[in-house]
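First comes the structure, then the notes that go with it.
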Amino acid sequence: MTSNKTIPINELILSEMKKQEVSISAMAKKLGLSINATYNTLKKPDIQTDRLTQISEILQVNFFKILAGDLNIENPIDPQIEKLTTENKILKEVIRLLGGNK
């Protein structure tokens, strides 16, 4: 998803259930919940991670990956780690050339 507007997870789940022809009652049975509890879970725009894990496994869709794709966050730590790793290698080579670490 490339848009700035995130589709609520329940809508993504319901869409996938429809695509796979999984009914609320079938999902309820697989989740070990009542039909009412399942319906209430899926009508909310947010969901607990443990429940989302179960649903992801049932539908064989990684909803976490879909949600992560909606995040527009650049991890500032990764480039810094790469720079430090390169610097560390250079310094180790300089120390070796100067006769250290025999």
Side-chain angles (χ1 to χ4, degrees):
M1 299 188 174
T2 57
S3 68
N4 290 338
K5 184 169 172 111
T6 302
I7 297 173
I9 190 63
N10 64 324
E11 290 181 24
L12 292 173
I13 293 167
L14 290 167
S15 174
E16 186 62 32
M17 286 173 62
K18 184 176 181 179
K19 180 178 159 187
Q20 293 187 29
E21 298 179 353
V22 176
S23 67
I24 295 283
S25 60
M27 180 61 76
K29 186 174 182 178
K30 291 178 181 185
L31 290 172
L33 298 173
S34 69
I35 293 172
N36 217 20
T38 303
Y39 175 78
N40 287 334
T41 297
L42 295 176
K43 76 177 184 180
K44 297 176 189 173
D46 56 359
I47 191 167
Q48 293 182 352
T49 55
D50 58 339
R51 185 69 69 207
L52 185 57
T53 299
Q54 287 180 299
I55 293 169
S56 293
E57 289 172 351
I58 291 166
L59 296 175
Q60 291 296 291
V61 174
N62 188 342
F63 290 104
F64 292 98
K65 189 172 184 178
I66 293 168
L67 292 173
D70 284 345
L71 297 176
N72 191 14
I73 299 173
E74 188 176 318
N75 191 345
I77 295 174
D78 292 343
Q80 185 65 18
I81 289 173
E82 187 175 328
K83 287 178 186 176
L84 291 171
T85 301
T86 302
E87 184 178 336
N88 191 19
K89 287 179 185 177
I90 292 169
L91 290 172
K92 283 181 178 180
E93 182 62 17
V94 167
I95 291 169
R96 187 188 68 74
L97 291 171
L98 291 173
N101 285 351
K102 293 183 178 180

Under 3.5 Å, sequence neighbours excluded: what are the donor-acceptor pairs made by side chains of residues 8-21?
{"unit_1": "Asn10", "atom_1": "ND2", "unit_2": "Leu42", "atom_2": "O", "d": "3.1"}
{"unit_1": "Asn10", "atom_1": "ND2", "unit_2": "Lys43", "atom_2": "O", "d": "3.3"}
{"unit_1": "Asn10", "atom_1": "ND2", "unit_2": "Lys44", "atom_2": "O", "d": "3.2"}
{"unit_1": "Glu16", "atom_1": "OE2", "unit_2": "Gln20", "atom_2": "NE2", "d": "2.5"}
{"unit_1": "Gln20", "atom_1": "NE2", "unit_2": "Leu59", "atom_2": "O", "d": "2.9"}

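Taking CD of Gln48 as the start and CD1 of Ile55 as the end, the distance is 10.5 Å to the nearest 0.5 Å. To the nearest 0.5 Å, the span separating CE on Met27 from OG1 on Thr38 amounts to 8.0 Å.
Taking Thr49 as the reference, Phe64 meet the side chain to side chain contact (heavy atoms under 4.5 Å, CB included) condition, with sequence neighbours excluded. Judged as a side-chain hydrogen bond (donor to acceptor under 3.5 Å, both in side chains), and not counting sequence neighbours, the contacts of Ser23 are Ser25. Residues satisfying the side chain to side chain contact (heavy atoms under 4.5 Å, CB included) criterion with Leu84, sequence neighbours excluded, are Gln80, Glu87. Residues satisfying the side-chain hydrogen bond (donor to acceptor under 3.5 Å, both in side chains) test with Glu93, not counting sequence neighbours, are Arg96. Here Ile90 pairs with Thr86, Val94 under the side chain to side chain contact (heavy atoms under 4.5 Å, CB included) rule; sequence neighbours left out.
Applying the side chain to side chain donor-acceptor pair (under 3.5 Å) test to every pair with at least one member in residues 51-65, sequence neighbours left out, gives these pairs: Arg51-Gln54.
Side-chain contact between Leu31 and Thr41 is absent, with no heavy-atom pair separated by less than 4.5 Å.
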